[in-house]
Amino acid sequence: MKRTGKKTATDRNFVVALSRGLDVLRAFQPNDGLLGNQEIAARTNLPKPTVSRLTYTLTRLGYLTPVPRFEKYQLAPAAMSLGYAALANLGVRHLSEPFREEVMRATGGAVAVGGRDRHSMIYFGQSRGSETVGVQLDVGSRVPIATSAMGRAYFWALDDESRAEVSRILREHYGSRWPKMREGLERSGETVAKYGFAISVGDWHDDIGAAGVALKLNDGTGPYAFNCGAPAFRFTEERLINDIGPRLLAMVRNIEAALGGLMPHSKKDNSKKLKSGGKVARVAEGFR
């Protein structure tokens with residue numbers, strides 16, 4: 001996790017202390033259990049003395065629970081209640097559940113819906129059956145924007161300005177690894193333009209294949225994105241393009257209709273994003 005960027009840190013309206021406190025809470029991931037100040041400092045890139053003050057303050061406010069025996073902390077109910085409140089307000093999570101269950105049963109894949117948190121997508125809804133034992137992700141799990149099908153679908157659903165900003169965040173996060181990831185994003189843009197969905201076969205996880213489709217709403221929220229994934233030997237690239245992707249795309253369009261979302265762009269509109277050589281046009285800041 002990166003420290004606050006220079007542009008944000010020099011914004012007079014931006015409260016750095018609050019940002020750092022939220023970074024501490026973000027450091028706790030599903031199945032983490034307990035974290036100490038040193039572990040939190042490593043995850044947030046914050047100095048350990050700063051982390052010590054923040055964990056003390058968050059403990060006093062009821063967002064962290066200290067475990068003195070191990071000199072560590074765990075998220076307290078007050079912090080978790082924020083997440084539950086957010087989930088309760090996400091109508092897309094509840095409305096999409098029967099649609100997700102239907103695709104899960106038809107394909108044998110795990111079907112999830114998520115939204116962006118910095119350089120990742122975070123799951124806030126998951127439908128998983130007995131056939132998807134190889135996909136051990138649940139609500140609260142994160143997948144990278146750059147290499148996952150869900151993240152790639154989300155990325156190409158953004159407007160140019162938002163996509164450039166996300167690209168900047170990804171470039172800063174990945175550093176020297178960014179050029180290779182950028183190439184994968186460019187290729188996924190061509191797939192989205194051609195088929196209406198993104199795919200990832202071994203790009204994020206060696207033995208996971210998945211398709212992703214973005215969900216656009218007309219109420220100003222989102223975009224969100226869905227994915228359907230399974231072990232790669234079952235969800236091959238051919239099956240993702242000819243079966244899983246089209247099923248997921250139809251599912252998301254039905255959800256959009258139920259939610260009063262925006263209609264999908266036509267293939268003609270999508271083709272405008274492509275250069276004559278077939279490459280997706282780079283956003284000025286994002287793909288440098």
Side-chain angles (χ1 to χ4, degrees), residues 1 22-35 43 63-65 73-155 157 198 200 204-205 207-217 221-231 235 244 248 251-252 254-256 258-259 261:
M1 191 178 297
L22 293 175
D23 281 345
V24 169
L25 295 179
R26 278 196 180 96
F28 290 82
Q29 302 296 320
N31 304 318
D32 263 344
L34 308 177
L35 292 180
R43 292 188 179 189
Y63 291 107
L64 292 179
T65 299
Y73 302 87
Q74 63 183 12
L75 288 178
M80 292 185 286
S81 69
L82 296 176
Y84 293 138
L87 287 177
N89 289 327
L90 286 170
V92 63
R93 173 176 179 258
H94 299 293
L95 187 143
S96 69
E97 185 172 2
F99 294 90
R100 288 187 275 116
E101 296 284 333
E102 181 180 357
V103 171
M104 177 199 72
R105 289 191 295 268
T107 64
V111 185
V113 58
R116 175 184 161 235
D117 181 26
R118 298 191 176 184
H119 50 77
S120 302
M121 301 295 290
I122 185 168
Y123 283 18
F124 58 77
Q126 167 79 304
S127 299
R128 188 175 63 206
S130 58
E131 297 182 53
T132 55
V133 292
V135 185
Q136 300 299 324
L137 297 172
D138 212 331
V139 172
S141 295
R142 296 170 185 269
V143 295
I145 290 176
T147 55
S148 70
M150 175 184 282
R152 290 170 170 178
Y154 166 87
F155 183 83
S200 175
W204 164 58
H205 199 287
D207 57 357
I208 297 295
V213 177
L215 172 70
K216 294 185 177 182
L217 302 177
T221 60
Y224 304 108
F226 290 81
N227 67 6
C228 182
F235 277 18
I244 306 302
L248 191 67
M251 181 199 81
V252 173
N254 287 333
I255 293 172
E256 280 183 340
L259 287 168

Donor-acceptor under 3.5 Å ([X] side chain, [Y] main chain):
X	Y	answer
R100	R93	yes
S200	A210	no
E256	K216	yes

Please find the pair of heavy atoms, one from [X] and one from [Y], that lie closest to each other, and give the distance.
X	Y	answer
G212	A149	N-CB, 3.5 Å
G109	A230	CA-CB, 4.3 Å
R152	A198	CB-CB, 3.8 Å
I244	A211	CG2-CB, 4.2 Å
A258	L95	CB-CD2, 3.8 Å
T65	A76	OG1-CB, 3.3 Å

Roughly how far, to the nearest 0.5 Å, is [atom2] of [Y] from [atom1] of [X]?
X	Y	atom1	atom2	value
L64	L35	CG	CG	9.5 Å
L75	Y63	CG	OH	12.0 Å
T147	I208	OG1	CD1	12.0 Å

In the structure I gave you, are the side-chain heavy atoms of [X] and [Y] within less than 4.5 Å of one another anywhere?
X	Y	value
I255	S96	yes
M251	F226	yes
P144	H119	no
Q29	R43	yes
R118	D23	yes
V143	S120	no
R142	M121	no

side-chain hydrogen bond (donor to acceptor under 3.5 Å, both in side chains) partners of E101, counting only residues at least two apart |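 Expected list: S127.
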
Take T107 and C228 through the side chain to side chain contact (heavy atoms under 4.5 Å, CB included) test and state the conclusion after the steps.
-> CA-CA 9 Å; T107 64; C228 182; 3.5 Å; yes

Are the aromatic rings of Y224 and F124 close, with centres under 6.0 Å apart?
-> yes

Report the C-alpha distance between V113 and L215 in whole Å, list the side-chain angles of each, state the deciding distance to 0.1 Å, and finish with yes or no for side chain to side chain contact (heavy atoms under 4.5 Å, CB included).
-> CA-CA 9 Å; V113 58; L215 172 70; 5.6 Å; no

Residues Y73, F28; criterion side chain to side chain contact (heavy atoms under 4.5 Å, CB included); working and verdict = CA-CA 10 Å; Y73 302 87; F28 290 82; 4.2 Å; yes

Answer yes or no: are there more than 12 heavy-atom neighbours, outside Q74 itself, under 6.0 Å from its atom CD?
-> yes

So, N227 and Y123: side-chain donor and acceptor under 3.5 Å apart, yes or no?
->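 N227 vs Y123: donor-acceptor pair found between side chains.
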
Please list, chain by chain and in numerical order, all residues satisfying salt bridge (Lys or Arg N to Asp or Glu O under 4.0 Å) with R116, sequence neighbours excluded.
-> none

